[in-house]
Structures are given as C-alpha cells and as structure tokens.
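Lettering of chains follows the sequences in order, A, B, ..., and the numbering in each one begins at 1.
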Protein chains: 2
Amino acid sequence: MNFIESIEANGKAVDIKKGEHVFVHGDLDRSIYFIKYGLLKAYYTTRDGKEFIKSFLMDSDVIGSLSSAYKGDSCSFSLLCLENTRLIKVPFSIIYDFSKADQSVANDLIVLLLNLSMKKEKREFEFLCLSVEERYRQLENESPIIIEKVTQNDLARYLGVTPVGLSRIKARVTRP
Amino acid sequence: MNFIESIEANGKAVDIKKGEHVFVHGDLDRSIYFIKYGLLKAYYTTRDGKEFIKSFLMDSDVIGSLSSAYKGDSCSFSLLCLENTRLIKVPFSIIYDFSKADQSVANDLIVLLLNLSMKKEKREFEFLCLSVEERYRQLENESPIIIEKVTQNDLARYLGVTPVGLSRIKARVTRP
DNA sequence: GACGGTCATTAACCCAGGTTAAAATCTATG
DNA sequence: CATAGATTTTAACCTGGGTTAATGACCGTC
C-alpha cells in the first residue's frame with residue numbers, strides 16, 4: 001500500500017465550501033490533508049491584522065501544519081478554501097506510525113518530504129535573491145494557473161508586496 | 001543502525017581548511033555531509049556577481065544540495081568553510097537505498113527531513129512577514145553564536161540586506 | 001613596523017515599494 | 001437595474017534600504 005492509498009484508506013473525505021476555513025491560526029489540528037480537488041490558500045496573520053500568504057494549494061497537493069501535526073504545537077497559519085474543495089483528512093500520527101512499520105509508506109513519505117523541502121528551498125531562494133518584479137515574472141511563467149485563478153490582492157500577499165505595489169509592477173511589466 | 005551511525009559507517013571523513021570550498025555552484029556532487037565540527041556557509045551567486053547566503057552550518061548539522069543529491073542536477077549553491085572543518089561525506093544514494101531496506105534508517109531520514117522542512121518554513125515565514133530589522137533582532141535572540149562568529153558582511157547577505165544597510169540597522173537598534 | 005587586504009561605518013543621493021486616499025471597475029444579490 | 005462590496009488602478013507623498021564612495025579600524029605577513 002502506498003502513501004496516497006494509505007491516506008485514502010485511513011482518512012475521511014471532507015467537503016468544504018468556498019470561503020470556509022479548514023483550520024485557523026491557533027487551532028490544534030494534527031491532521032494532514034490530501035486535496036482531491038479545489039483551491040486553497042495557507043496564510044499567516046500578524047497581531048496588527050496583516051495577512052501574508054504562505055502558499056496556494058491545488059489538486060493532489062498535500063497540506064497540513066507540520067508544527068501542529070508533528071510537534072503538537074498550535075497551527076502557525078490558517079487554511080482557507082478559495083473554491084469548493086474536497087479533502088481527505090487523516091491524522092498525521094497514523095501516517096507516521098505506518099511509516100515505521102510499512103517500508104513503502106516510509107519511502108513515499110520520504111519522497112513527499114524531499115519534494116516539500118525542495119519547494120521550500122526554492123521559495124527561500126526567490127525571497128533571498130530575486131526582486132518582487134522578478135518573482136512576479138517567474139510566477140507568470142511557472143504557474144499561470146495561479147495568476148489566473150487568484151485575485152491580485154492575494155497574489156500580492158503571496159509575493160511579499162502590497163496590492164498597490166503589485167498593481168504598479170504589473171503596469172510596468174505588461175505595458176513597457 | 002541509526003542514521004548518523006550509517007553515515008559514519010559508510011562515509012569517509014574529510015578535513016577542509018578555512019577558506020576552502022566543499023563544492024561550488026555548478027558542480028555535480030551527489031553527497032550529503034555530516035558536520036563533525038566547524039563552520040560553513042552555503043551561498044548562492046548571481047551572474048552579476050552578487051552573493052546571497054542560504055544558511056550557516058555548524059556542528060552536527062547535515063548539508064548537501066538536494067537538487068544534486070536527489071534529483072541529479074548540478075548544485076545550485078556553493079559551500080565554503082569559514083573555519084577549519086571536519087565532515088563525514090557519504091553519497092546520498094547509499095542513505096536513500098538503506099532507507100528502503102532498513103526501517104530505522106528510514107525513520108531517522110524522515111525525522112531529518114521533517115526538521116529540515118520546518119526550518120525552511122521558518123525562514124520562509126521570516127522573509128514573508130518580517131522586516132530586515134525584525135529578522136536581525138530575531139537572529140540576535142535565537143542564534144547569538146552566529147552573530148558572534150560570522151562577519152557582518154556575511155550576516156547581511158544572510159538576512160537579505162547589503163552590508164551598508166545592516167550597519168545602519170545595527171546603529172538604529174543598539175543605540176536608540 | 002610598514003603595506004595591502006578585508007571589514008565596518010558614515011554620508012549623499014536615489015529609487016522601489018509602503019501608505020493613504022480617492023477613483024474606477026466588477027460582482028453579487030435584492 | 002440599483003445598491004453595496006470587494007477589487008484594481010492611480011496619484012501624492014514618505015521611507016527604508018540600495019549604491020557609490022570615502023574614511024577608519026583591523027588584521028595578517030613580509
């Protein structure tokens with residue numbers, strides 16, 4: 001049995017409507033979620049009410065708060081559905097325990113974590129080495145679907161600029 | 001046999017002097033390195049000669065280019081010793097193959113990757129949500145050893161500012 | 001102990017993006 | 001279709017940090 005199969009076999013399907021949260025900052029939610037279909041945003045909020053978007057999630061992605069699922073802390077971010085979404089929810093402990101007994105689940109978890117690490121490393125690189133404008137151009141090339149589906153406000157909060165700033169950059173980029 | 005033991009059993013010790021590289025951007029180096037002792041910086045360089053520091057590594061850390069070790073691409077960053085350093089070098093494929101046969105190596109690799117993911121996620125959060133000044137203050141609190149051992153130039157390139165910018169921030173922070 | 005190199009600070013000037021606020025669209029729902 | 005909300009654009013002004021360059025402190029090492 002592989003990773004996705006063991007999620008499907010041990011998890012339960014959850015349908016969540018556009019505009020509703022899966023969990024919010026501060027919750028204790030030790031699950032991970034496999035996204036059957038839909039669109040979500042994972043975002044941080046600061047005390048002074050600002051929002052910063054960690055990632056957008058789509059079909060076949062896996063998401064969960066590692067600090068909550070693995071360490072047992074409360075969630076450091078919130079997870080909101082931008083479209084009607086179907087998830088498979090499963091306690092991380094089940095997967096983690098399975099991985100200790102089942103070699104193929106362990107392998108799949110390793111591959112999942114390797115890919116997660118490389119994805120995070122890529123984003124680290126982009127913040128460290130690229131300007132906002134370069135990050136926007138790169139997103140245009142690599143993830144046109146996100147640009148298409150997500151509001152410009154959310155795009156801005158993902159790229160690390162204000163919506164006003166992104167509007168200016170777009171004006172600069174599209175009409176030279 | 002656990003993870004570190006299997007690295008020590010299958011790897012070979014390498015001593016590298018201060019100022020020398022373990023590998024540079026563009027190399028194909030499919031190893032991972034366990035740091036016995038020393039201090040290193042992992043950094044990106046851009047075509048126009050700018051340097052950006054991905055991370056500092058110290059005793060007991062594990063480092064390697066995932067994109068090279070796992071995917072087989074060439075290294076996207078360089079690894080330089082800031083102090084005389086002793087490493088245990090082992091091909092990632094050995095560890096990865098071991099993890100397929102040995103449950104306890106798999107478990108340790110999973111824990112290593114979980115911690116790596118959480119570390120990268122933390123840095124993503126800092127770039128996304130904090131100002132340079134806040135990142136500097138946080139580093140002061142959480143990793144005073146790094147502030148102490150690393151030049152201010154390197155600190156700046158790690159925090160995502162220029163050395164001149166960091167000098168200004170320091171002046172602001174230390175004497176109100 | 002003088003010389004060349006790196007490192008840190010300071011100053012002057014510049015610019016990308018933040019902030020605030022006001023238009024201009026767009027969308028949804030009664 | 002009209003009204004209320006959210007979204008995007010534009011403008012005016014401000015600020016943090018980039019850039020360049022000069023100055024000084026701090027090493028080595030010959």
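A:Asn153 has a side-chain polar atom (N or O) that falls below the 4.0 Å cut-off from OP1 or OP2 of D:dT8. For the OP1/OP2 pair of C:dT19 and a distance below 4.0 Å, the side-chain nitrogens and oxygens of A:Lys50 include at least one atom meeting the criterion. Using a 4.0 Å cut-off, no side-chain N or O of A:Lys170 falls inside it from OP1 or OP2 of D:dT8. Considering only side-chain N and O atoms, B:Thr162 lies nowhere under 4.0 angstrom from the phosphate OP1 or OP2 of D:dG17. The side chain of A:Arg172 contributes no N or O atom lying less than 4.0 Å from OP1 or OP2 of C:dA16.
A:Glu51 places its CD atom 14 Å from the C1' atom of D:dA6, with the value rounded to the nearest Å. Here C:dA16 presents its C1' atom at 17 Å from OH of A:Tyr136, a figure rounded to the nearest Å. Counting to the nearest Å, the P atom of D:dT7 and the CD atom of A:Gln152 are 11 Å from each other. Rounded to whole angstrom, the span from the CG atom of B:Leu155 across to the P atom of C:dA8 amounts to 9 Å. Rounded to an integer number of Å, the gap from CD of A:Glu133 to P of C:dA16 is 9 Å. Spacing between atom NZ of B:Lys18 and atom P of C:dT6 amounts to 13 Å, rounded to whole angstrom units. In this structure, A:Ile169 atom CD1 and C:dG18 atom P are separated by 7 Å, rounded to whole Å. Rounded to whole Å, atom C1' of C:dG18 lies 14 Å from atom CG of A:Leu166.
Contacts of B:Val132 with the nucleic acid, taken as non-hydrogen atoms under 4.0 Å apart, involve only primed sugar atoms and P, OP1 or OP2. When heavy atoms are screened at a 4.0 angstrom cut-off, B:Ser167 is found touching base atoms of the nucleic acid.
Side-chain contact between A:Met58 and A:Ile35 is absent, with no heavy atoms from C-beta onward closer than 4.5 Å.
A cation-pi arrangement, defined by a distance under 6.0 Å to the six-membered ring centre and an angle within 45 degrees of its axis, is absent between A:Lys89 and A:Tyr33.
Counting only N and O atoms by type, the side chains of B:Thr151 and B:Asn153 include no donor and acceptor under 3.5 Å apart.
Among D:dT8, C:dA12, C:dA21, the nucleotide with an atom closest to any side-chain atom of B:Arg168 is C:dA12. Proximity note for B:Val161 (side chain, C-beta onward) versus C:dT9, C:dC7, D:dG17: the nearest is D:dG17.
Checking A:Arg123, A:Lys122, A:Lys119 one by one against B:Glu124, the salt bridge (charged side-chain N to carboxylate O under 4.0 Å, His left out) holds for a single residue, A:Arg123.
With respect to A:Glu83 and A:Lys41, no salt bridge is recorded, no charged nitrogen being found less than 4.0 Å from a carboxylate O.
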